[in-house]
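First up is the structure itself, then whatever we jot down about it.
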Amino acid sequence: MTSRPLVSVFSVSGEKAGETTLPAVMNAPLRPDLIQFVHTNMNKNKRQAYAVNIHASKKVVASSWGTGRAVARIPRVGGGGTSRSGQGAFGNMCRGGRMYNPSKTWRKWNRKINITQKRYAVASALAASAVPALVMARGHVVDEVPEIPLVLENAVESTKKTSAATEVLQSVGALDDVEKAANSKQLRAGKGKMRNRRYTLRRGPLIIYKSNDGVEAAFRNLPGVELCCVDRLNLLQLAPGGHMGRFCVWSQAAFDELETLYGKEGKRIPFCSMTNPDVARIINSDEVQNVVNPVKPGQKEYAPKRNAIKNTDALEALDPYAAAKRRQQGELEAARATKKDEIIKARRAKKEAKKQYKEQGKKFYEKVSVQGDVCEDGFTIE
């Protein structure tokens with residue numbers, strides 16, 4: 001790459017103080033699948049081993065009654081005079097029994113990760129932090145930030161007071177993201193409240209510096225803000241949760257140090273295998289079609305192979321009896337369909353014949369339903 005875009009450098013007061021070159025690692029390919037894979041495995045390496053007590057549910061004396069008593073052969077508590085005697089013990093299906101497959105401290109807690117994959121994931125996460133759309137999609141509030149990546153002059157590394165750090169973030173429009181993280185603080189759901197994890201908090205900006213001249217003490221007390229030395233870039237901070245696009249605030253020295261860490265003298269920068277992934281367009285382009293061999297004439301065309309499962313003639317060549325059986329079955333189905341049509345037709349004709357006399361029957365019913373007056377002509381009682 002002969003020339004790269006320039007990135008503005010801002011002073012601690014928020015004014016533009018200069019420019020610097022965008023590091024080559026910021027053009028690394030974006031690999032969310034690789035970032036997710038590496039993050040998942042790295043996140044397992046800080047777990048603490050746990051296991052149940054090896055004597056849990058094993059302190060009772062119990063033995064099986066054996067066969068011949070029409071009960072299960074699970075160990076049972078001995079003795080008498082109490083409801084506990086005769087109850088099953090030890091098994092995972094028993095009340096007061098041990099768990100199934102008790103957890104052990106020698107479980108495989110840690111995961112080894114390919115160092116090339118880790119470097120690729122970190123480079124990809126750095127490149128994603130320079131894309132404003134990905135930073136906003138991750139949830140960071142960067143509407144007032146003048147430029148992404150956000151680079152501040154080296155004076156930010158000498159900040160020693162939290163009040164001064166707040167003013168620096170306010171001047172460059174990054175304080176909104178800190179307030180967003182502070183407002184998100186809430187009690188954790190579940191038993192983590194009792195285990196020194198009482199609150200949850202969204203992630204805010206990541207401050208990346210080269211030398212700690214007080215910047216750690218100044219920014220560490222702001223909610224959601226994390227700090228990282230450029231020599232110790234960590235994927236767990238660059239892509240929390242395996243989601244790339246962390247909002248990073250760089251010091252100029254740390255930003256320029258990326259040229260030393262990645263490149264000819266440092267770690268290899270990953271590159272895309274293809275700059276244009278539209279393979280169909282490449283193959284059909286004039287440049288490729290002009291050099292490929294033309295279609296060779298006289299090629300023999302073969303008829304497609306007939307499927308014996310669908311084609312009865314193909315089945316006859318393999319098994320004449322199966323073909324005859326299939327044909328016979330088809331004839332029977334056709335006969336059933338014809339017979340069914342005849343039955344339905346006869347039923348409909350019978351129904352239509354009944355409709356002819358329906359109107360006549362209604363009139364007759366109305367006529368015979370009329371009630372006469374028995375006293376119309378008078379009557380005498382003898």
Would you check if the side chain of Asn311 reaches a backbone N or O of Asn307 as a donor-acceptor pair within less than 3.5 Å?
no

Checking Tyr262 against Arg268: is there a side-chain donor and acceptor pair closer than 3.5 Å?
no

Do any N or O atoms from the side chain of Arg188 and from the backbone of Thr200 form a donor-acceptor pair under 3.5 angstrom?
no

Please determine whether the number of non-hydrogen atoms from other residues, nucleotides or ligands lying under 6.0 Å from atom NZ of Lys185 exceeds 12.
no

Is there a donor-acceptor pair closer than 3.5 Å between any side-chain N or O of Asn43 and the backbone N or O of His39?
no

Once you round to the nearest 0.5 Å, how far does CD of Glu352 lie from CZ of Arg347?
15.5 Å

Considering all heavy atoms of both residues, which atom of Ala89 and which atom of Val77 are nearest to each other, and what is their separation?
CB-CG2, 4.1 Å

Applying side-chain contact (heavy atoms from CB on, under 4.5 Å) to Asp231 and Glu257, what does each step give before you reach the verdict?
CA-CA 8 Å; Asp231 297 324; Glu257 183 68 13; 4.0 Å; yes

Do other residues, nucleotides or ligands put more than 12 heavy atoms under 6.0 Å from the CG atom of Asn221?
no

As an exercise, state the distance from CH2 of Trp109 to OH of Tyr50, rounded to the nearest 0.5 Å.
4.5 Å

Other residues, nucleotides, ligands: >12 heavy atoms within 6.0 Å of Lys325 NZ
no

What pair of heavy atoms forms the shortest contact from Ala125 to Leu238, and how long is it?
CB-CB, 3.9 Å

Once rounded to the nearest 0.5 Å, what's the spacing between atom CZ of Arg119 and atom CG of Asn114?
10.0 Å

Tell me whether Arg327 at atom CZ has more than 12 heavy atoms from other residues, nucleotides or ligands lying less than 6.0 Å away.
yes

Do we see a donor-acceptor contact under 3.5 Å between the side chains of Glu157 and Ser211?
yes

Nearest heavy-atom contact between Val52 and Pro102 is CG2-CB, 3.8 Å

I'd like to know if the side chain of Asp176 and the backbone of Val141 have a donor-acceptor N/O pair within less than 3.5 Å.
no

Mind checking the CG-SG spacing from Leu233 to Cys229? Nearest 0.5 Å is all I need.
8.0 Å

Checking side-chain contact (heavy atoms from CB on, under 4.5 Å) for the pair Leu235/Ile35: CA distance, chi angles, key distance, verdict?
CA-CA 8 Å; Leu235 184 69; Ile35 290 176; 4.2 Å; yes

Looking only at atom types and distance, does a side-chain atom of Ser124 sit under 3.5 Å from a main-chain N or O of Ala121, one as donor and one as acceptor?
no

Distance-minimising heavy-atom pair for Ser251 and Val156:
CB-CG1, 3.9 Å

Stepwise side chain to side chain donor-acceptor pair (under 3.5 Å) check, Gln87 with Arg84:
CA-CA 6 Å; Gln87 289 184 352; Arg84 181 59 172 149; 3.0 Å; yes

Single-linkage hydrophobic cluster Val151~Leu227, side-chain heavy atoms < 4.5 angstrom:
no

Using the rule that Ile, Leu, Val, Met, Phe, Trp and Tyr join whenever any side-chain heavy atoms are under 4.5 Å apart, tell me whether Tyr209 and Ile148 fall into a single cluster.
yes

Looking at Glu331 and Arg336, does any basic side-chain N land under 4.0 Å from a carboxylate oxygen?
no

hydrophobic_cluster_shared for Leu222 and Leu206, side chain cutoff 4.5 Å:
no

Lys46 side, atom NZ; Leu236 side, atom CG - distance, nearest 0.5 Å:
6.0 Å

Hey, is CG on Leu332 packed in by over 12 heavy atoms from elsewhere, all under 6.0 Å?
yes

Would Glu19 and Ser8 count as a side chain to side chain donor-acceptor pair (under 3.5 Å) if you check the C-alpha gap in whole Å, the side-chain angles of each, and the deciding distance to 0.1 Å?
CA-CA 4 Å; Glu19 293 180 338; Ser8 301; 4.9 Å; no

Under the salt bridge (charged side-chain N to carboxylate O under 4.0 Å, His left out) rule, what do Glu147 and Lys16 come out as? Steps first, then yes or no, please.
CA-CA 11 Å; Glu147 190 173 321; Lys16 185 175 179 179; over 6 Å; no

Does the ring centre of Trp250 sit less than 6.0 Å away from the ring centre of Phe10?
no

Tell me, with the steps shown, if Asn53 and Lys58 meet side-chain contact (heavy atoms from CB on, under 4.5 Å).
CA-CA 10 Å; Asn53 192 328; Lys58 294 290 189 71; over 6 Å; no

Could you tell me whether the side chain of Thr40 and the main chain of Gln36 form a donor-acceptor pair under 3.5 Å?
yes

Examine distances only and state if a side-chain atom of Arg202 and a backbone atom of Ala182 form a donor-acceptor pair shorter than 3.5 Å.
no

Could you tell me whether a side-chain N or O of Arg138 sits under 3.5 Å from a main-chain N or O of His243, the two making a donor and an acceptor?
yes

Passes side-chain contact (heavy atoms from CB on, under 4.5 Å), Leu258 versus Met26? Steps please.
CA-CA 9 Å; Leu258 292 176; Met26 293 295 185; 3.9 Å; yes

With a cut-off of 6.0 Å (strictly less than), are more than 12 heavy atoms of other residues, nucleotides or ligands near NZ of Lys193?
yes

Rounded to the nearest 0.5 Å, what separation is found between the CE atom of Met194 and the NZ atom of Lys191?
5.5 Å

Where do Ser103 and Ala51 come nearest, in terms of heavy atoms and distance?
O-CB, 3.1 Å

List the atom of Ile74, the atom of Cys94, and the distance in Å for their closest heavy-atom pair.
CG1-SG, 3.7 Å

With a 3.5 Å distance limit and no angle check, can you tell me whether Arg111 reaches the backbone of Lys44 through a side-chain donor-acceptor pair?
no

Just by modelled atom types, is the Ile283 backbone N or O under 3.5 Å from a matching donor or acceptor in the Gln289 side chain?
yes

Under the side-chain contact (heavy atoms from CB on, under 4.5 Å) test against Val172, which residue among Val145, Val12, Leu152, Val249 passes?
Leu152

Whether over 12 other heavy atoms sit under 6.0 Å from Glu265 CD:
no

Single-linkage hydrophobic cluster, 4.5 Å side-chain cutoff, Val215 and Phe255 together:
no

